[in-house]
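Following: one structure in structure tokens, then a few remarks.
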There are 2 protein chains.
Amino acid sequence: MPGPPWWYGRFQDAGYRLTLPRQAILGTLSRTSKHLSAEEIYLSVHRAYPAVGLTTVYRTLELLVRLGIISKFDFGDGRSRYELTTSRQRKHHHHLICSRCGRVIDYTDFIDEETEVLGKIERVLSQKYNFRINNHRLHFYGLCDKCK
Amino acid sequence: MPGPPWWYGRFQDAGYRLTLPRQAILGTLSRTSKHLSAEEIYLSVHRAYPAVGLTTVYRTLELLVRLGIISKFDFGDGRSRYELTTSRQRKHHHHLICSRCGRVIDYTDFIDEETEVLGKIERVLSQKYNFRINNHRLHFYGLCDKCK
DNA sequence: AATGATAATGAAAACCATTTCCAATAAGAA
DNA sequence: TTCTTATTGGAAATGGTTTTCATTATCATT
Ligand SMILES: [Mn+2]
Ligand SMILES: [Mn+2]
Ligand SMILES: [Zn+2]
Ligand SMILES: [Zn+2]
């Protein structure tokens, strides 16, 4: 699937420049399936572009979250973690988190009831509490095979 | 429903002392339905017992989380927030969060149906990923009536 | 009640992820 | 080019949380 990544348009539309640091950060995020922290992204980008600073990484991450290109998570280890938002490439998924070692597993094998019930709840809550619901997060916590 | 609160036993069993600062903190948490931050708890406790320090509040909250008496949440406003865990008094619930103003609503609608489906998912995931799942969290994000 | 062992506490200092400041640079428009 | 504004990086500041350490409270044992 060649051609410019889907986020080029977002930058233009919003009036932001797709600079080299920003491309490098997006590159790192699109090349991994892990949930990277700001520092991990910085270290990765820094290898190829030593001039890019940690401050720019933080600023860019904030911008990307604001543009809806990436999502920010807190898995309880004291730092924020990021991943590309749901798109053609990346399917909507939920998380399985090990409380001991911090391992995070993405799962997309939803059983039908899961999707169905979440949709229903979303509709009911929207009406009852007069909310405009944009998204949801479902996390399961426990011990992974190595930790239990 | 008089008699000692249900957490007295937990302290004894685990070998911890139910001291005055700890009782004051538990008192504050059981008297509110809000999701308080450490500082808010400190201020509340401080009014009745000025000798209690912020450090003790943090330490006690960590202990209470470890004992499973309270739960720690991150709603994205830069500080952790706490509430009593599910019990006789407090029903299991999920959260509705306003992305703009930070308002958090506890909801229990469809909780039976939810619980049933989540239990089923838990069983499937436990087996597939060989996890021992202890609990889960479901958050819906959007804009509240005042913010949308 | 006095003693001793250990748990709990509070104030100050340290920690550390993130944000803010600010001067320098890059990018695009004219 | 020249002007205007967006973007950047390093240093310093911020702020919630944790650590340190000397003191105090609690409880079991004399
Ligand atoms: Mn994920
Ligand atoms: Mn709640
Ligand atoms: Zn693990
Ligand atoms: Zn709101």
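Sequence lines set the chain letters: A, B, ... in the order given, protein chains first and strands last, and positions in each chain run from 1.
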Hey, which of these two, A:Gly15 or B:Glu39, hits DNA chain D nearer its 5' end, going by closest nucleotide? A:Gly15
Under-4.0 Å side-chain N/O to phosphate OP1/OP2 contact, B:Arg22 with C:dA8: yes
What do you reckon, is CZ of A:Arg100 surrounded by more than 12 foreign heavy atoms closer than 6.0 Å? no
Within residues 52-64 of chain B, the residues having a heavy atom closer than 4.0 Å to DNA chain C are B:Val52, B:Gly53, B:Thr55, B:Thr56, B:Arg59
Without decimals, in angstroms, what is the distance between B:Leu18 CG and C:dT9 P? 10 Å
What range of DNA chain D does chain A touch, first nucleotide to last, counting atoms under 4.0 Å from its heavy atoms? D:dA6 to D:dA11
Note, A:Ile121 side chain near B:Glu114 side chain (heavy atom, < 4.5 Å): yes
Euclidean distance, atom CD of residue A:Glu40 to atom P of C:dC16 [Å, nearest integer]: 16 Å
About how many Å separate OG of B:Ser71 and CG of B:Leu64, when rounded to the nearest 0.5 Å? 10.5 Å
Does the pair A:Arg81/A:Asp74 count as a salt bridge with the N-to-O cut at 4.0 Å? no
Let me know the distance between CZ of B:Arg17 and P of C:dA5, rounded to the nearest Å. 15 Å
To the nearest angstrom, how far is A:Leu20 atom CG from C:dT25 atom P? 17 Å
B:Ile25 CD1 to C:dT9 C1', straight-line distance once rounded to whole Å: 11 Å
Side chain to side chain donor-acceptor pair (under 3.5 Å) partner of B:Asp106, chosen from B:His94, B:His35, B:Lys34: B:His35
Tell me, do B:Arg137 and A:Tyr141 make a side-chain contact under 4.5 Å, heavy atoms counted? yes
Is A:Lys91 salt-bridged to A:Asp109, cutoff N-O under 4.0 Å? no
Report yes if at least one side-chain N or O of A:Thr19 is closer than 4.0 Å to OP1 or OP2 of C:dA27; otherwise report no. no
Listed partners of B:Thr115 passing side chain to side chain contact (heavy atoms under 4.5 Å, CB included), at least two apart: B:Ile111
Please report, rounded to the nearest Å, how far the P atom of C:dT19 is from the CZ atom of B:Arg79. 14 Å
Taking any heavy-atom pair under 4.0 Å as a contact, classify A:Ser37: base, sugar-phosphate, or nothing. nothing
Under 4.5 Å between any side-chain heavy atoms of B:Leu138 and A:His139, yes or no? no
Between A:Arg81 and B:Tyr16, who's closer to the 5' end of DNA chain C by nearest nucleotide? B:Tyr16
